[in-house]
Amino acid sequence: MIRVFIPDNFIPERSYSIDILLGEFLGLEYLIIPGEENKNYRIVLENSAQLVVEDHFFGRFRDGDKYYTAASIPETMRYAKNRFTPEKDVPVIHGTDQANVRSALISPPPPNKAEPSVVAMVCSIDIFAGTFFMLTRWEEYAIKRRDNHNRFPAEASLAFKHNFLHRPVVNEYAEMLWNMLVHLEIEQPRKERRFECVLSHDIDFMYMWKNPLGFLKTIGGDILKRHSTKLALSNIKSFVTMKNPYDTFDYLMTLSEKAGIKSQFNFM
């Protein structure tokens with residue numbers, strides 16, 4: 001089993017990101033081990049190879065500190081490119097200017113001993129803090145700007161300001177992490193993911209008209225509001241022939257069956 005050593009502050013936040021990347025995305029078996037002596041994230045594989053992910057965010061705070069403030073959101077952005085990144089410009093939300101991956105001597109061999117030294121890879125991109133930032137959306141709490149529906153506007157986000165709103169950043173972090181683990185000869189296989197099309201239809205109203213009064217209101221709206229005599233005549237024909245325009249279930253199910261897809265209907 002993989003062991004993941006983490007600092008002993010903000011353990012729920014750190015564990016959440018690890019669970020997402022190692023568990024949800026990659027499907028690996030691991031054990032999280034907090035400790036005061038840990039200054040960074042350290043992933044130790046079954047073959048003793050190690051990957052150190054530098055802590056560039058939560059280590060700046062103490063437990064109980066309010067990290068979710070506008071001042072904690074980066075003002076500038078860097079983009080990483082190395083042999084492990086799935087894209088040539090992976091956004092670095094938290095990390096050093098180099099934003100690279102290097103080898104480092106973690107444990108030098110004892111004097112006059114034959115034991116080999118432990119060499120690890122060191123990633124200066126804090127992919128765990130970046131994952132936490134992108135998924136929890138705490139910036140929407142830190143930034144008080146709202147639109148006329150009291151919603152957080154996309155243009156106020158870090159991703160919009162730095163042109164990566166369209167990017168699946170957490171997926172890219174997961175792929176980068178996996179590529180580094182493969183380089184360290186991880187023994188566990190990753191979770192296999194397959195595309196599946198799942199169609200769902202939310203049915204708010206079963207009938208266009210519940211009674212003749214509703215029919216008259218629709219016809220009046222067709223003529224007076226929508227200014228469409230053609231639509232009014234079509235609705236009159238449907239009403240007279242007892243055909244409910246909202247009853248498209250057979251049509252939708254036929255299309256689904258021809259495509260070999262199951263459709264799910266959710267009724268109020």
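Expressed to the nearest 0.5 Å, how far CZ of Arg190 lies from CH2 of Trp178 amounts to 6.5 Å. Note that CD of Glu172 and CZ of Arg167 are 4.0 Å apart. Values are rounded to the nearest 0.5 Å. Taking CG from Asp222 and CG from Leu233, the interatomic distance works out to 9.5 Å, rounded to the nearest 0.5 Å.
The nearest pair of heavy atoms linking Lys88 to Lys81 is O-CB, 3.1 Å. Across all their heavy atoms, Met206 and Tyr246 have their closest contact at O-CB, 3.6 Å. What you find for Tyr79 and Pro91 is that their closest heavy atoms are CD2-CA, 3.7 Å. Here the shortest heavy-atom pairing between Ala49 and Leu184 reads CB-O, 3.7 Å. Pairing each heavy atom of Pro86 with each of Glu175, the nearest pair is CG-CB, 3.9 Å. Taking both residues in full, the closest heavy atoms of Asp63 and Asp8 are given as OD2-O, 3.7 Å, listed atom of the first, atom of the second, then distance.
Note that Lys161 lies outside the cation-pi zone of Phe164, set by a 6.0 Å cut-off to the ring centre and a 45° limit from the axis.
With sequence neighbours excluded, the residues that form a salt bridge (Lys or Arg N to Asp or Glu O under 4.0 Å) with Arg151 are Asp147. Glu140 is linked by a salt bridge (Lys or Arg N to Asp or Glu O under 4.0 Å) to Arg137, counting only residues two or more places apart in sequence or in another chain. Not counting sequence neighbours, the partners of Arg145 by the side chain to side chain contact (heavy atoms under 4.5 Å, CB included) test are Ile143, Pro153, Glu155, Ala156.
Within the 3.5 Å criterion, the main-chain N or O of Lys230 finds no donor-acceptor partner in the side chain of Ser234. Side-chain N or O atoms of Asp126 include none that pairs as donor or acceptor with a backbone N or O of His94 at under 3.5 Å. Using a distance-only test at 3.5 Å, with no hydrogens or angles considered, a donor-acceptor pair links the side chain of Asn47 to the main chain of Glu185. Remark: the backbone N or O of Thr85 is paired with a side-chain donor or acceptor of Asn82 at under 3.5 angstrom. Of the possible donor and acceptor atoms, one in the side chain of Ser72 sits under 3.5 Å from a partner among the backbone N and O of Tyr67.
The cluster map of Ile, Leu, Val, Met, Phe, Trp and Tyr, joined by side-chain heavy atoms under 4.5 Å apart, puts Phe61 and Phe132 in the same cluster. When the side chains of ILVMFWY residues are joined at heavy-atom separations under 4.5 Å, either directly or via intervening members, Val44 and Ile2 end up in two distinct hydrophobic clusters. Linking Ile, Leu, Val, Met, Phe, Trp and Tyr whenever their side-chain heavy atoms come within less than 4.5 Å puts Phe10 and Leu21 in one cluster. Under a hydrophobic-cluster definition in which Ile, Leu, Val, Met, Phe, Trp and Tyr are linked whenever side-chain heavy atoms come within less than 4.5 Å, directly or via other members, Ile11 and Ile43 are assigned to the same cluster.
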Would you give me the side-chain donor-acceptor pairs under 3.5 Å for residues 256-268, sequence neighbours excluded?
| from | atom 1 | to | atom 2 | distance (Å) |
| --- | --- | --- | --- | --- |
| Ser256 | OG | Leu252 | O | 3.0 |
| Ser256 | OG | Ser263 | OG | 2.5 |
| Ser263 | OG | His201 | NE2 | 3.2 |
| Gln264 | NE2 | Asn266 | OD1 | 3.0 |
| Asn266 | ND2 | Asp202 | OD1 | 3.1 |

Can you list, pair by pair, the side-chain donor-acceptor contacts under 3.5 Å of residues 23-40, counting residues two or more places apart and other chains?
| from | atom 1 | to | atom 2 | distance (Å) |
| --- | --- | --- | --- | --- |
| Tyr30 | OH | Asp19 | OD1 | 2.5 |
| Asn38 | ND2 | Ile6 | O | 2.9 |
| Asn40 | OD1 | Asp55 | N | 2.8 |

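In the model, Asn9 has a side-chain atom that pairs as donor or acceptor with a side-chain atom of Arg14 under 3.5 Å.
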(request) Kindly determine whether Val52 and Met121 satisfy side chain to side chain contact (heavy atoms under 4.5 Å, CB included), including the steps that lead there. (result) CA-CA 6 Å; Val52 175; Met121 292 177 57; over 6 Å; no
(request) Run the numbers on Thr136 and Tyr68 for side chain to side chain contact (heavy atoms under 4.5 Å, CB included), then give the verdict. (result) CA-CA 11 Å; Thr136 62; Tyr68 40 90; over 6 Å; no
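Ion pair Glu192/Arg194 flagged as a salt bridge, since at least one NZ, NE, NH1 or NH2 atom sits closer than 4.0 Å to an Asp/Glu carboxylate oxygen.
Other residues, nucleotides and ligands contribute at most 12 non-hydrogen atoms within 6.0 Å of the NZ atom of Lys217. In the displayed structure, Arg62 atom CZ is contacted under 6.0 Å by at most 12 heavy atoms of other residues, nucleotides or ligands.
In the hydrophobic clustering (ILVMFWY side chains linked at under 4.5 Å, chained through shared members), Leu165 is joined by Phe160.
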